[in-house]
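These notes concern the structure reproduced below.
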Number of protein chains: 2
Amino acid sequence: MMISAYKTNPPLLFFKGLANDTRLAIIQVLKNGPKPVGEICETLGFEQNRVSHNLRCLEFCGFVSSERTGKKRIYSLNDETIAPLMQIVDNHIKTYGQNLMQCKVLRR
Amino acid sequence: MMISAYKTNPPLLFFKGLANDTRLAIIQVLKNGPKPVGEICETLGFEQNRVSHNLRCLEFCGFVSSERTGKKRIYSLNDETIAPLMQIVDNHIKTYGQNLMQCKVLRR
DNA sequence: TCGTCATATGATGATTTCGGCATATAAAAC
DNA sequence: GTTTTATATGCCGAAATCATCATATGACGA
């Protein structure tokens, strides 16, 4: 079993892609529908480059997609992955949310 | 929108729980059935305490469960969450796996 | 009770992550 | 062609992560 291969392990990268509060916040905003960068920045109160950096990741990794509309680039969720995924996450949190928030390893 | 609350955001912690190569490796081993710590260490070639640390997290956060059997503690997956979750992840990887591995943000 | 097997827990230093500052690039209007 | 609007990209320093070294705790048998 090759340990060094784990750092490029796609499931690992999948979870690392989502284990970031800025990216999760962006996903939350896009749940309400497609949005341009500027609007995401405003809604979240984040600097533009923070949002762009993270949209770059989200799009390249397939979590969101985008479409140029004039000067604006409108981003939207990849619902095929995100919708069922967040359903599972939400169900899990119903039972284990409190523990997740108090985990000594994650919150140390 | 409270930014400071994001660090204790349960979905974030859910993903952080899984965005770790040791913990994912353990999950991979447990897919083949319940196992004691020692056997997980052997299979993966990891030091015992590395495995214990991470099992602690996995169990507290609800991703695995355990049962004391004599001197051994047998760990098993929470299939209710992990099975459908990894299904979604695997499907996503079929399409976006290459990009995940080359993402400039995740792999910088 | 003591010794052995099995596992859990604490803390530190090394490595990884990530946003802000700075700047580049793209699209539209003039 | 230039200016304005909108967004993308690079890099550095600070913060977060995490395995190793060390040790503690638990279960069982003699």
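Letters go in sequence order (proteins before strands), and every chain restarts at 1.
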Do you know which two heavy atoms are closest between Lys72(B) and Pro36(B), and how far apart they sit?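 Shortest heavy-atom contact: CD-CB, 4.1 Å.
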Using whole Å, what does the distance between atom [atom2] of nucleotide [N] and atom [atom1] of [X] come to?
X        : N       : atom1 : atom2 : answer
Arg50(A) : dT23(C) : CZ    : P     : 22 Å
Leu55(A) : dC18(C) : CG    : P     : 15 Å
Gln48(A) : dA24(C) : CD    : C1'   : 11 Å
His53(A) : dT17(C) : NE2   : P     : 15 Å
Asn20(B) : dT15(C) : CG    : C1'   : 13 Å
Ile26(A) : dC18(C) : CD1   : P     : 12 Å

According to a strict under-4.0 Å criterion, is Asn49(A) in side-chain N/O contact with OP1 or OP2 of dC18(C)?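 No, because none of the side-chain N or O atoms of Asn49(A) sits under 4.0 Å from OP1 or OP2 of dC18(C).
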Distance check: side-chain N/O of Arg56(B) vs OP1/OP2 of dG10(C), anything under 4.0 Å?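 For dG10(C), OP1/OP2 do have a side-chain N/O of Arg56(B) under 4.0 Å.
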Assuming nearest nucleotide by heavy-atom distance, tell me which of Leu106(B) and Ser52(B) is located more 5' along DNA chain C.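 The residue whose closest nucleotide sits nearer the 5' end is Ser52(B).
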Using heavy atoms to find the nearest nucleotide of DNA chain C for Gly38(B) and Val105(B) separately, return the residue whose nucleotide is more 5′.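 Nearest-nucleotide comparison on DNA chain C picks Gly38(B).
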Please tell me if the side chains of Val64(A) and Asn78(A) come closer than 4.5 Å, counting only heavy atoms from C-beta onward.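 No. Closest side-chain heavy atoms not under 4.5 Å.
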Please round to the nearest 0.5 Å and tell me the distance separating atom [atom1] of [X] and atom [atom2] of [Y].
X         : Y        : atom1 : atom2 : answer
Asp90(B)  : Leu85(B) : CG    : CG    : 9.5 Å
Leu24(B)  : Leu12(A) : CG    : CG    : 5.5 Å
Asn91(A)  : Met86(A) : CG    : CE    : 11.0 Å
Glu80(A)  : Ile88(B) : CD    : CD1   : 10.5 Å
Leu100(B) : Cys61(A) : CG    : SG    : 4.5 Å
Arg23(B)  : Ile27(B) : CZ    : CD1   : 9.0 Å

Would a distance-only check, ignoring hydrogens and angles, find a side-chain to backbone donor-acceptor pair under 3.5 Å from [X] to [Y]?
X        : Y         : result
Arg56(A) : Val105(B) : no
Asn20(A) : Lys16(A)  : no
His92(A) : Phe63(B)  : no

Specify the residues of residues 60-76 of chain B, ordered by number, for which at least one heavy atom lies under 4.0 angstrom from an atom of DNA chain D.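 Correct list: Arg68(B), Gly70(B), Lys71(B).
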Over the length of the helix from dT1(C)-dA30(D) to dC30(C)-dG1(D), how much do the five-pair end axes diverge, rounded to 10 degrees?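 The helix from dT1(C)-dA30(D) to dC30(C)-dG1(D) shows an end-to-end axis angle of 20°.
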Need to verify one output field. Residue with the more 5' nearest nucleotide on DNA chain D, Ala19(B) or Lys104(B)?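 Nearest-nucleotide comparison on DNA chain D picks Lys104(B).
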Interface limits on DNA chain D, where chain A has a heavy atom under 4.0 Å of a nucleotide atom: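 The footprint of chain A covers dT4(D) to dA19(D).
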